[in-house]
Amino acid sequence: PALPQTDYYYEYTECDSVGSRWRVAIPHNLGTCSALPTPTRGTDCSFSCAAGEFLEMSAQQCTPCAAGSYSLGSGVRFDQWDTIPAGFTSLATYMDPGPSGEESQACNSSSWTPQGVYLESSRDECTVSLVYAVHLEKQGSVSFSYQYPDNNIFFEFYVQNEQCQEMAQTDDQKWIKLTTNGEWDTHTVNLKSGTNILYWRTTGILVGGKMVKPVLLRNIQIEGVAYTSECFPCRPGWFSSAPGSSSCQPCPRNTSSNKGAASCTPCPDTQYSHEGWSQCKERPPCSEKDYFQIHTACDSEGKTQVMYRWVEPRICEENVIGAVALPPTGAREACPPCNPGYYNTNDSTCFPCPPGTHSDGTSVCEECPAGTEPVLGYEYKWWNVLPSNMKTSCFNVGNSKCDDMNGWEVAGDHIRSGAGGSDNDYLILNLHVPGFKLPTSLAGMTGSEFGRITFVFETICSADCELYFMMVKSTTVVESWEGSKERQSYTHIMTRNASVSYTWAFQRTNQTHLHSVRRYITDVVILYSVSVTNVQDGVASACRACALLSQSSQRSGSCIPCPAGFYIDRDTNRCQECPPNTYLSGHHTYGEDACLPCGPGSKSNKEHSRCYSDCSFSHTENNRTLTFDLSSLSTVASLTIGPSFTSKGTKYLHVFNVSLCGHQGKMAAVCTDNVTDLANKDMGSDSTQFVNSVDSFICQSTIIPADGRGFRMALASQSISLADTFLGEMNLICVFVFDSLFLRSTQATGSCERGRSAVMTIRCNPEKTDRGQLTVPSVCPAGTCDGCTFHFLWESGSACPSCTQDDYHQIEGACKGGVQVTLSVWNEPKLCTKGMSLPAKSSAPCEAIALWLKVGVGGGAFLAVLLVSLTFYFWKKNKRLEYKYSRLVMSANKECELPVADSCALAEGEEPEDDVVYSHKPSLLGKLRAIANKREGDSSESVQLKSSQSERWVWG
């Protein structure tokens, strides 16, 4: 006998080469093979049913789905995530092997986690893949809805075939785009026929130690399955009322349903439910967490009052024991004044001032005086009503119960976060700015600032609350603050002129409490004031002086833009160029004090918009000027630090790009967040997708190497600017040793309230090349110990001072062959480079005997001749005296007595032999003879001579 149809089911065989197949019966009990229906030819492999139908295998005809179920026709959909559906696998891998080659076990507990209406990725550093294999009979597609708010997680989707070969995909298909917090986006990829293995893979990068936001998936839909043999029942809390449905609808509020329901059942009066709930819950007694206060709009008398309202939809019961009642309405109070740029009408409504006028919010609008222009912008510090260009909303990724609520509530002198429906709701406040327009006096500036937004806020939290500040255009979080924060101010500068929406999103906790009561309702964020400058079509709270045409012009009262680098003179309201080496502050040009001096060792560019180093530096010490030429360091240098490892072993590198000097002040160092190979950027590949780019003097990127987590390319993220303002150079710490340059990033962050700063120390090392070597301190391997101040050391031969004539000395050689050679030699140790070259060896004619030697020899010879002459003279004189004396002695011996002198005259014919008395001035020779005679006379005796002719005295 034939088996009853309940004991078996039908299946199709694999398609053959001509695209045909057979329908066969398969028993539920594998041991029973007899009495089965004979195989019959099945439908073509390309056959499929329409949406809302399924292929009834007995008749092999398309049949509408019954109420309470749905079908996609040729596709499948996954939108129930109470558990991971059959066919899906969550696979955690760790690509970095341990020291001995073994794989780490730290990721065994990491996986994709079902959260009811969506699937949540892992939050840690492990690489977790969600895998699903599907066989398509024809070409199809896969699409899924996702949330990807945090670029500290790398999220990719790719497809492999049955040989585990990756299908060709463009970067747009493979790398998922970021989404704004709380918003869902859809990603679609075409699939080929055959086996397709789908991978959703995430890797968290916890380099900064901050918890990452997970990726969320929902509504995965795959087309191309060719046929559906059964319809899918609606999930609990959903229903489909009509046969042939292609989808199910959620049950309305205060109703519920079971799985496969064709309708929803209303809840009893004492119970409640939210949209899409599968069962009703008892209403709790009302408490302080179930109501909130608001400030009413000003009435015709200029009064406002505090009122209290239940949080809608209201789920609590106020007529039970222990319930609290709604507080009474507060007393009427005077309304706060209008915001600056607005004026008050008789009905206490604030309106914007007409163009060309201004008001402080408490007085009527007045026209700006001649020679001034209105300061356009937004300045909100009174919050009686929400401004027309601001909107507030509430959003939850898991439900829609707060969609109709106000995320923020005005409260007079501040605006604060509202109650919300759940603790993990995103409470959103949005401000739309149509664009920016520089004032006339600033229109000629070449700086990069078009406007700035400044807001004062405070957070009071008992849980892990977080406030996000975002620009919706870029879908990236500008800054975020976790936990309680004291009242503080934050400023963001706009460097592009475009329409933008600023968004504040507050979340009390990121934990999933889909059905829990509100535990942290008292956690709030308070926004005290918001101001935006240079807003196109904004309002004016004051007027500012502007530059005027010359006196000779007919339109001398009209405002004109000053050229780049000019300020407005206070006395004449004329444009004057800033002094040399000063720069304009960016949003202020009135008065010479708007030209701020550049730091030591720096100069301003032609437009006076920025200070920079021109690669030259001078320092004077001990009456000597040292000159440094750093032009060899002007090209952008890169420094890679690492590898480092996170707590779970993820390998990463820090890459710093440095633009030290030159480039006319252009910040040439660029760091980019990318999702493809870094080399593609250098090659100019069009396939490179840049998510975020930073231009600076010094910037930093975090690089995940291609082998770090199994990615097929290196990944760059967390690009930040470390220095966008050149502060100047410090004096030399040691002569020829150090030159420190100070740079700073003025953009404040949550962890660095004063912004980041960088100190570049340049050391002279003649043993290094001109480009030298860039390093960081060993005590702070990442270049910083506090995350805010970064230190770098650049050792280079070109960092030595330029050579001057004081850095060498000359050595003169001996005179050889009438030629003398002079050689120049560097002083040791040599601590200079470039500059003056060492003079070449020189030669000059010379003589063997020097002039001084000639003079000395001549003088000596003269003295020698003089002494010889005197000696000969005195010798001759002495001989003559001896001769006379001998004659006298001989005469005395003959006569035995001396004759008596009877005359002093000379006898006739005798020659005078001695001149004792001179009748005229004697000559030099005569003086010498007189001196000699005197000396002889002092030692002789008087001798009486007798002569036959006369007698005389003779002095001997």
Side-chain angles (χ1 to χ4, degrees), residues 1-80 84-89 131-143 159-165 167 189-199 220-234 240 243-247 260:
L3 289 176
Q5 193 170 351
T6 56
D7 291 343
Y8 61 90
Y9 62 95
Y10 290 109
E11 283 278 356
Y12 280 131
T13 62
E14 293 289 337
C15 294
D16 56 22
S17 59
V18 296
S20 62
R21 56 189 173 184
W22 293 81
R23 188 198 69 175
V24 296
I26 301 176
H28 291 293
N29 297 322
L30 298 181
T32 305
C33 295
S34 59
L36 290 174
T38 59
T40 59
R41 184 172 294 276
T43 58
D44 293 337
C45 292
S46 60
F47 176 83
S48 63
C49 295
E53 297 179 339
F54 72 101
L55 182 62
E56 204 281 316
M57 295 295 289
S58 298
Q60 298 193 72
Q61 294 180 350
C62 293
T63 305
C65 292
S69 63
Y70 71 96
S71 168
L72 298 178
S74 62
V76 291
R77 178 190 297 153
F78 303 95
D79 56 4
Q80 303 179 30
I84 294 182
F88 282 88
T89 302
V131 185
Y132 182 74
V134 61
H135 185 81
L136 300 186
E137 299 295 343
K138 59 181 180 179
Q139 290 186 349
S141 64
V142 56
S143 63
V159 183
Q160 290 182 349
N161 58 20
E162 55 189 358
Q163 283 82 32
C164 294
Q165 296 174 336
M167 301 289 192
V189 174
N190 294 327
L191 302 177
K192 295 182 179 180
S193 59
T195 300
N196 293 266
I197 305 175
L198 314 180
Y199 289 85
I220 298 177
Q221 184 168 321
I222 302 173
E223 296 286 347
V225 181
Y227 76 95
T228 301
S229 59
E230 59 180 351
C231 295
F232 300 97
C234 293
S240 64
S245 297
S246 60
S247 63

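Quick caveat: nothing in here was measured; it's all calculated off a predicted structure.
Phe232 and Tyr70 have tilted rings, their planes meeting at an angle from 30° to 60° on a 0 to 90° scale.
Val142 is not listed as a side-chain neighbour of Tyr132, based on a closest heavy-atom distance of 4.5 Å or more. At least one side-chain heavy atom of Ile222 sits less than 4.5 Å from a side-chain heavy atom of Leu198. Counting heavy atoms from C-beta outward, Gln61 and Glu56 have side chains that stay 4.5 Å or more apart.
Taking each heavy atom of Leu55 and Gln60 in turn, the nearest pair found is CD1-C, 3.6 Å. Across every non-hydrogen atom of Leu136 and Lys192, the tightest pair is CD1-O, 3.8 Å. When all heavy atoms are compared, the tightest approach of Arg23 to Ser58 is NH1-O, 2.8 Å. Between Cys231 and Ser71, the shortest heavy-atom distance links the atoms SG-CB, 4.0 Å. Closest approach of Ser247 to Arg77, counting heavy atoms only: CB-NH1, 3.5 Å. Closest non-hydrogen pair, Glu223 versus Ser74, comes out as OE1-OG, 3.3 Å.
Of the residues listed (Cys234, Ser240, Pro64, Cys65), the one engaging Ser245 in a side-chain contact (heavy atoms from CB on, under 4.5 Å) is Ser240, and it is the only one.
The distance from atom CG of Leu72 to atom SG of Cys49, rounded to the nearest 0.5 Å, is 12.0 Å. Expressed to the nearest 0.5 Å, how far CG of Asn161 lies from CG of Asn196 amounts to 8.0 Å.
A donor-acceptor pair is defined here as one N or O able to donate and one able to accept, closer than 3.5 Å; no such pair exists between the side chain of Ser69 and the backbone of Pro233. With hydrogens and angles disregarded, no donor-acceptor distance shorter than 3.5 Å links the side chain of Ser246 to the backbone of Gly52.
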